[in-house]
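What you see below is based on every heavy atom in this structure, not just the backbone, and it leaves out hydrogens, waters and symmetry mates. What you see is a predicted model; the values in this text were computed from it and never measured. Nothing fancy with the numbering, it's 1 onward along the sequence.
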Amino acid sequence: GMGRYKDADQCYQTALEMRRRFLGPNHPLCAHTLRNLATLLVVVGESERSEKLFQEALRILRGAYGFRDHLEIAYALNDYGLLFN
């Protein structure tokens, strides 16, 4: 049920806080966690919150890898596209 989504949301939030603290807010692993949380939010219908997280993840990834083709950016864009289906 919805309780499991809330539990997952909290786990991602905790992981994100820890990664930001230990790795810095612009580390690609922070973007990975943001992407996972954003994908979860698409499933539960929180598209506005999800879109902000996808955009933050993409900002981090583009900062880390530039605007050249990179697999992590492709994954993030693919997941971001879920919002528009």
- request: May I ask you to check whether over 12 heavy atoms, not counting those of Asp69, lie within 6.0 Å of atom CG?
  value: no
message: Show every ring-ring contact (aromatic ring centres under 6.0 Å, His included) that has at least one partner inside residues 20-60, sequence neighbours left out.
response: Phe54-Tyr80
message: Would you say OH of Tyr75 has more than 12 non-hydrogen atoms from neighbouring residues, nucleotides or ligands within 6.0 angstrom?
response: no
- request: Grab the two heavy atoms, one from Gly24 and one from Cys30, that are nearest each other, plus how far apart they are.
  value: O-SG, 3.3 Å
field: Pairwise distance CG(Leu82) to OG1(Thr39) - rounded to 0.5 angstrom
entry: 6.0 Å
task: Could you tell me which non-hydrogen atom of Ala64 sits nearest to which non-hydrogen atom of Pro28, and how far apart they are?
output: CB-CG, 3.8 Å
statement: Taken to the nearest 0.5 Å, the spacing of Met18 CE from Thr33 OG1 works out to 10.5 Å
Closest non-hydrogen atom pair, Tyr5 against Val44: CG-CG1, 3.4 Å
message: Do Leu37 and Val43 sit in one hydrophobic cluster, given that two such residues count as connected whenever their side-chain heavy atoms are within less than 4.5 Å of each other, even indirectly?
response: yes
- prompt: Is there side-chain contact between Ser47 and Leu41, with heavy atoms separated by less than 4.5 Å?
  reply: no
query: Are any side-chain N or O atoms of Ser50 and backbone N or O atoms of Glu46, one a donor and one an acceptor, separated by less than 3.5 Å?
result: no
- request: Among residues two or more places apart or on two chains, list those pairs meeting salt bridge (charged side-chain N to carboxylate O under 4.0 Å, His left out) that have a residue in residues 9-24.
  value: Asp9-Arg49, Arg20-Glu56
message: As an exercise, state the distance from CG of Leu40 to SG of Cys11, rounded to the nearest 0.5 Å.
response: 10.5 Å
task: Enter the distance from Leu29:CG to Ile60:CD1 here, rounded to the nearest 0.5 Å.
output: 10.5 Å
message: Please give me the minimum heavy-atom distance between Leu58 and Ala76, naming the atom from each residue.
response: CD2-CB, 3.7 Å
query: With a 4.5 Å heavy-atom cut-off, do Ile73 and Leu77 have their side chains touching?
result: yes
query: In Å and rounded to the nearest 0.5 Å, what is the OH to CG distance from Tyr12 to Asn36?
result: 4.0 Å
- prompt: Could you give all pairs that pass the salt bridge (charged side-chain N to carboxylate O under 4.0 Å, His left out) test and reach residues 25-42, with sequence neighbours left out?
  reply: Arg35-Glu72, Arg35-Asp79
message: Any heavy-atom pair between the side chains of Leu61 and His70 that's under 4.5 Å?
response: no
